[in-house]
Amino acid sequence: MTTPVTTSRLAVELAGLSLQNPLLLASGTAGYGRELDAVLDIDALGGLVTKAVSVEPRHGAPAPRVAEFSAGMLNAVGLANPGVESVRGEHLPWLAQRVKRARILVNVVGSQVEHFAQVVARLEGVEGIDGFELNVSCPNVRAGGMEFGADPDTLREVVRRARAETRLPLFTKLSPAVSDIVRAANIALEAGSNGLTLINTMPGLLVDVESRKPELGFGSGGMSGSALLPIGVLATWKVYRATKAPIIGAGGIASATDAVQYLMAGASAFAIGTAALRDPRLPARLVRDLASWCEVRGVASVRELTGTLEWPA
Ligand SMILES: Cc1cc2nc3c(=O)[nH]c(=O)nc-3n(C[C@H](O)[C@H](O)[C@H](O)COP(=O)(O)O)c2cc1C
């Protein structure tokens with residue numbers, strides 16, 4: 001187990017939540033925490049975003065569900081999850097008992113507008129939850145994926161209804177593939193989202209050239225990993241500049257300097273997925289590296305970095 005890094009230098013505020021450091025494990029890459037307990041100390045991190053939770057259990061997409069390529073990976077898990085009752089009854093009690101310092105955000109999905117609010121309502125008041133992340137941006141499901149975040153009226157309605165069911169901070173996770181991410185962010189914020197998670201995976205396709213078939217069982221999938229870094233940093237900068245809203249930056253982060261790019265572009269915290277799947281020791285190391293990065297440069301608090309990118313005149 002690693003030593004928690006809880007220096008005040010790394011503490012951040014995120015839409016009213018105090019995080020001991022700005023690193024979260026990204027949704028879908030850390031399960032509901034228990035899966036990772038043997039390999040990393042969740043309580044040493046800023047937080048964990050759970051795998052997606054839907055009203056009913058979802059079996060997800062056919063195998064293979066992940067494929068690698070030189071600049072990242074493609075996945076079509078299809079939001080497989082045991083459903084809100086099982087998450088409430090089995091997974092969240094374990095998290096509440098095991099995790100004391102790290103923050104827990106529950107990632108919520110639905111195949112109909114009202115499903116998001118139903119999941120939130122079912123989990124409101126449950127011990128151990130610090131906030132919700134609405135996934136209106138998943139590229140690899142047949143219904144309730146990216147189109148929810150891409151259609152302004154649907155996006156507004158999903159957020160508005162979820163907002164009505166909780167007093168906890170609400171983050172809306174957007175896709176880099178929407179035509180105008182600033183517009184989508186503004187709609188989510190106006191409808192009651194406290195912050196944004198930027199970004200989800202980017203739609204992609206990998207072909208097995210021998211069989212001439214897609215590498216993934218679903219066909220296409222969501223691209224994650226290092227190829228996403230500049231896309232996510234730009235989305236963060238555009239949205240921060242226009243809204244100044246609290247942002248969880250995500251996409252392609254594999255080092256402290258990758259994370260600092262998101263912070264400078266306007267994120268208050270960041271989530272790491274693919275790189276942590278590859279190396280479960282990376283998150284704790286990255287937190288330590290971030291502390292050193294700040295120390296060497298005389299940055300007294302990581303909070304000072306948010307939004308400090310200097311755009312060329
Ligand atoms: C295997 C896998 C499963 C994912 N599942 C979810 C999910 O359930 N909900 C969600 O909002 N995002 C999900 N994501 C997207 C990640 O949370 C993150 O936004 C994305 O992977 C970009 O970060 P990264 O490049 O550090 O992986 C998933 C990503 C991967 C690789």
- Candidate pair Asp37 and Arg34, rule salt bridge (Lys or Arg N to Asp or Glu O under 4.0 Å), full reasoning: CA-CA 5 Å; Asp37 199 37; Arg34 209 187 299 212; over 6 Å; no
- Message: Looking only at the side chains, is there a donor atom on one of Ser175 and Ser137 sitting less than 3.5 Å from an acceptor on the other?
- Response: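 Their side chains do not contain a donor-acceptor pair, so the 3.5 Å distance test is not met.
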- Query: Is it true that the side chains of Ser18 and Glu13 contain a donor and an acceptor less than 3.5 Å apart?
  - Reply: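 Judged by distance alone, the side chains do pair up.
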Where the side chain of [X] meets the backbone of [Y], is there a donor-acceptor pair that is under 3.5 Å apart?
X      : Y      : answer
Asp289 : Val287 : no
Glu124 : Arg167 : yes
Lys100 : Gln97  : yes
Arg163 : Thr166 : yes

Given side chains that start at C-beta, do those of [X] and [Y] come closer than 4.5 Å, heavy atoms only?
X      : Y      : answer
Tyr32  : Leu48  : no
Thr29  : Thr274 : no
Phe270 : Leu286 : yes
Val12  : Asn21  : no
Ile199 : Leu174 : no
Thr172 : Asn135 : no
Phe171 : Leu134 : no
Asp279 : Arg285 : yes

- Item | Intermediate values then yes/no, salt bridge (Lys or Arg N to Asp or Glu O under 4.0 Å), Arg278 and Glu68 | CA-CA 11 Å; Arg278 291 206 174 113; Glu68 305 247 357; 2.7 Å; yes
- Shared ILVMFWY cluster between Leu277 and Ile272, side chains joined below 4.5 angstrom?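 Per the 4.5 Å side-chain linkage, Leu277 and Ile272 are not co-clustered.
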- Are Leu216 and Leu205 joined in one hydrophobic group, where the rule is that I, L, V, M, F, W and Y side chains link up if heavy atoms are under 4.5 Å apart?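 Leu216 and Leu205: separate clusters.
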- Query: What do the steps show when you test Val113 against Arg161 for side-chain contact (heavy atoms from CB on, under 4.5 Å), and what is the final call?
  - Reply: CA-CA 8 Å; Val113 168; Arg161 291 193 195 193; 4.1 Å; yes
- Heavy-atom closest pair, residues His59 and Arg65: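 Heavy atoms of His59 and Arg65 come nearest at O-NH2, 2.7 Å.
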- Does NZ or CZ of Arg288 fall inside the cone over Trp293's six-membered ring, less than 6.0 Å from its centre and within 45° of the axis?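 Arg288 over Trp293 ring: no.
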- Quiz item: cation-pi between Lys244 and Tyr240, 6.0 Å / 45°: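 Judged by the rule (NZ or CZ under 6.0 Å from the ring centre, within 45° of its axis), Lys244 counts as positioned above Tyr240.
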- Task: Go through the steps for Glu165 and Arg122 under the test salt bridge (Lys or Arg N to Asp or Glu O under 4.0 Å), then give the verdict.
- Result: CA-CA 9 Å; Glu165 301 295 344; Arg122 202 67 196 100; over 6 Å; no
